[in-house]
Amino acid sequence: MPWRKPAVSSNHVDGHPFFRFCQTALADIRAQGRYRQFTPLARLADRYPLYEQPETAPTPSTPACPEDREVVVWSSNDYLGMGVEPVVVEAAIRAIHEHGAGAGGTRNIAGTSPVHTALEAELADLHGKEAGLLFGSGYVSNQASLQTILTSMPGWICFSDRLNHASMIAGIKGARGSSTVIFEHNDLADLEARLAAAPKDAPKLIAFESVYSMDGDISDIAGTCALARKYGAMTYLDEVHAVGLYGAQGGGVSQRDGVADQVDIIEGTLAKGFGVHGGYITASSNIVEYLRLTASGFIFTTALPPAVVAAALASVKQVRKDNWRRERIFERVDTFRAKLRAAGVPFNMTPSHIVPIPVGDARRCRELSDRLLNDYGMYTTPINYPTVPRGMERLRLTPGPRHTDAMMDEMVAALSHLLRVNDLADASAVAMA
Ligand SMILES: Cc1ncc(COP(=O)(O)O)c(C=O)c1O
């Protein structure tokens with residue numbers, strides 16, 4: 001009998017309560033204006049930040065595009081454009097020819113490729129730590145590491161910044177038996193009060209980030225580590241939005257501030273400033289060995305493909321050497337802010353490379369993003385709940401080394417027009433000098 005494609009059916013779940021739950025939940029999400037459409041955009045490696053938006057008929061989850069066209073993307077997290085650098089792309093191609101497409105199993109089952117070990121050593125060296133461990137993504141590195149640490153001994157108390165990323169929260173929440181104390185965002189006085197109130201002998205961990213990517217603010221790492229010493233806590237720092245960009249070699253804010261040696265565990269991603277994929281932690285050998293031998297999210301999953309690891313290794317090596325890339329991104333960010341300021345476009349001033357444009361309403365945020373794309377050929381994601389609290393909706397722009405002055409002028413003119421003429425701005429927003 002020739003094979004026939006079976007008819008697509010969901011009938012077997014029609015009567016299940018979860019089916020009806022999904023229908024109602026989706027209708028609610030739409031009614032609140034926070035239904036996420038995924039815009040089809042294909043990156044043009046030789047012309048980044050240009051992407052191709054293919055002609056597409058509308059579907060429930062993707063917008064229409066009447067014909068193929070080029071779009072300038074303004075919200076990528078490949079902050080330095082390393083994902084399209086020839087040295088990185090060629091490393092991936094070489095590795096795929098030499099080692100094939102996938103890793104073939106976990107690090108235990110299929111053997112650990114020397115390129116994985118080399119990248120772990122490179123990352124440990126970058127952060128001045130004894131050892132490093134790779135995970136499938138930055139999300140997994142946070143979730144697996146925090147959950148494993150916080151279930152290791154009885155009585156752990158995790159002090160977690162209120163705005164920590166979902167991946168840290170997943171690890172902390174998944175650690176049964178430990179307790180969690182949430183401290184106010186970047187508020188050392190509140191953290192200290194909560195540390196002081198905790199039982200003296202309980203094992204404590206402070207989990208925080210360096211650059212908070214939605215607001216673009218930066219934590220006081222030295223101050224947090226000083227409190228950790230005073231109250232006998234360990235520190236776990238997420239440098240996901242900082243690695244590659246901050247510090248003399250891109251080791252993050254802890255490197256920039258000269259305090260990396262005071263942080264017990266530094267976590268990062270290879271997917272943003274390094275432009276490739278994967279996550280990692282670096283720490284003392286004992287901690288890394290413990291996680292290597294016990295973290296479920298490390299042990300029971302296929303290792304990153306060797307080509308991805310080779311590309312990441314090439315990227316980290318290059319970024320460490322090239323200080324001009326860091327200088328260039330901050331020059332571009334400053335130039336963009338100056339243009340916004342001159343045009344009177346409201347934005348939140350931040351001490352980082354992130355430029356948030358406050359909108360304050362999910363529908364207006366979506367509309368602003370749609371108009372930028374459809375009318376001007378510029379893409380920037382609307383950031384809505386649950387990524388930010390309701391009422392704090394925004395566009396989040398990440399100008400990079402390849403955004404030209406002309407691209408900036410076009411973005412500023414478009415924003416200026418849409419915000420003023422169409423009244424899409426956050427009424428309470430003030431441009432800050
Ligand atoms: C603060 C923070 N930590 C971790 C992650 C997860 O990193 P990855 O994208 O490599 O999974 C993200 C992702 O955006 C993040 O913002």
Side-chain angles (χ1 to χ4, degrees), residues 42-48 51-52 76-127 129-141 144-145 239-240 243-245 249-251 266-283 285 288-289 291-293 295-322 324-325 401-402:
R43 173 149 80 162
L44 301 170
D46 51 350
R47 299 175 60 209
Y48 184 67
Y51 284 60
E52 186 181 63
S76 168
N77 283 341
D78 184 352
Y79 296 127
L80 299 173
M82 292 307 292
V84 297
E85 278 293 325
V87 68
V88 175
V89 174
E90 277 152 24
I93 293 170
R94 245 192 336 272
I96 215 161
H97 282 304
E98 284 172 16
H99 307 297
T106 67
R107 295 278 290 274
N108 197 30
I109 281 183
T112 278
S113 91
V115 71
H116 286 71
T117 317
L119 179 55
E120 286 171 341
E122 182 78 22
L123 292 165
D125 189 60
L126 172 68
H127 294 294
K129 300 288 173 207
E130 286 175 355
L133 192 66
L134 288 172
F135 293 83
S137 69
Y139 187 104
V140 176
S141 59
S145 302
E239 288 258 35
V240 158
V243 286
L245 281 74
Q249 296 189 354
I266 297 180
E267 182 271 346
T269 185
L270 299 157
K272 302 189 196 294
F274 296 126
V276 187
H277 189 85
Y280 65 90
I281 56 131
T282 62
S285 312
V288 169
E289 278 294 272
L291 291 173
R292 185 174 72 81
L293 299 176
S296 177
F298 172 79
I299 299 174
F300 296 107
T301 184
T302 300
L304 285 168
V308 167
V309 178
L313 180 58
S315 178
V316 175
K317 282 179 185 288
Q318 197 64 44
V319 166
R320 288 184 80 173
K321 283 195 290 220
D322 291 348
W324 64 264
R325 291 182 197 275
R402 296 167 188 241

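Numbering starts at 1 and runs along the sequence shown.
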**Message:** Using a 3.5 Å distance criterion without hydrogens, assess whether the side chain of Tyr48 forms a donor-acceptor pair with backbone atoms of Asp78.
**Reply:** yes

**Prompt:** Going from CG on Asp125 to NE2 on His127, what distance comes out if it is rounded to the nearest 0.5 angstrom?
**Reply:** 10.0 Å

**Prompt:** How far apart are the closest heavy atoms of Ala103 and Ala303, and which atoms are they?
**Reply:** CB-O, 3.4 Å

**Request:** Considering non-hydrogen atoms only, spot the tightest contact between Ala118 and Leu313 and give its length.
**Result:** CB-CD2, 3.9 Å

**Message:** Nearest 0.5 angstrom please: Ile266 CD1 to Thr282 OG1, how far?
**Reply:** 5.0 Å

**Asked** For Leu291 and Phe298, what are the C-alpha separation, side-chain angles and deciding distance, and is it a side-chain contact (heavy atoms from CB on, under 4.5 Å)?
**Response** CA-CA 8 Å; Leu291 291 173; Phe298 172 79; over 6 Å; no

**Request:** Return yes if some donor-acceptor pair links the side-chain N/O of Thr269 with the main-chain N/O of Gly278 below 3.5 Å, else return no.
**Result:** yes

**Asked** Could Arg402 and Glu85 be called an ion pair, given the rule that one side-chain N must be under 4.0 Å from one carboxylate O?
**Response** yes

**Request:** Please examine the side chains of Thr106 and Ile299, heavy atoms only from C-beta on, and report whether any two atoms are closer than 4.5 Å.
**Result:** no

**Nearest heavy-atom neighbours spanning Gly132 and Ala124** = N-CB, 3.9 Å

**Prompt:** Donor-acceptor pair, Ser285 side chain versus Ala131 backbone, under 3.5 Å?
**Reply:** no

**Message:** Quick check: do Val308 and Leu270 have side-chain heavy atoms less than 4.5 Å from each other?
**Reply:** no

**Request:** Could you tell me whether the side chain of Ser145 and the main chain of Ser141 form a donor-acceptor pair under 3.5 Å?
**Result:** yes

**Message:** Restricting to non-hydrogen atoms, name the atom on Ala91 and the atom on Ala311 that form the minimum distance, rounded to 0.1 Å.
**Reply:** CB-CA, 4.1 Å

**Prompt:** For the atom pair CG (Leu123) and CZ (Arg320), what is the distance rounded to the nearest 0.5 Å?
**Reply:** 8.5 Å

**Request:** Indicate yes or no: does Glu120 engage Arg292 in a salt bridge with an N to O separation below 4.0 Å.
**Result:** no

**Message:** For the CG atom of Leu133 and the CD atom of Glu289, what is their distance to the nearest 0.5 Å?
**Reply:** 9.0 Å

**Message:** Pair Val88, Gln318 - check side-chain contact (heavy atoms from CB on, under 4.5 Å), show working.
**Reply:** CA-CA 9 Å; Val88 175; Gln318 197 64 44; 5.7 Å; no

**Request:** Determine the minimum heavy-atom distance between Met82 and Ser315, stating which atoms define it.
**Result:** CB-OG, 3.6 Å

**Prompt:** Which atom pair, heavy atoms only, marks the closest approach of Gly138 to Glu267?
**Reply:** O-OE2, 3.2 Å

**Residue from Leu119, Val288, Leu304, Val243 passing side-chain contact (heavy atoms from CB on, under 4.5 Å) with Tyr280** = Val243

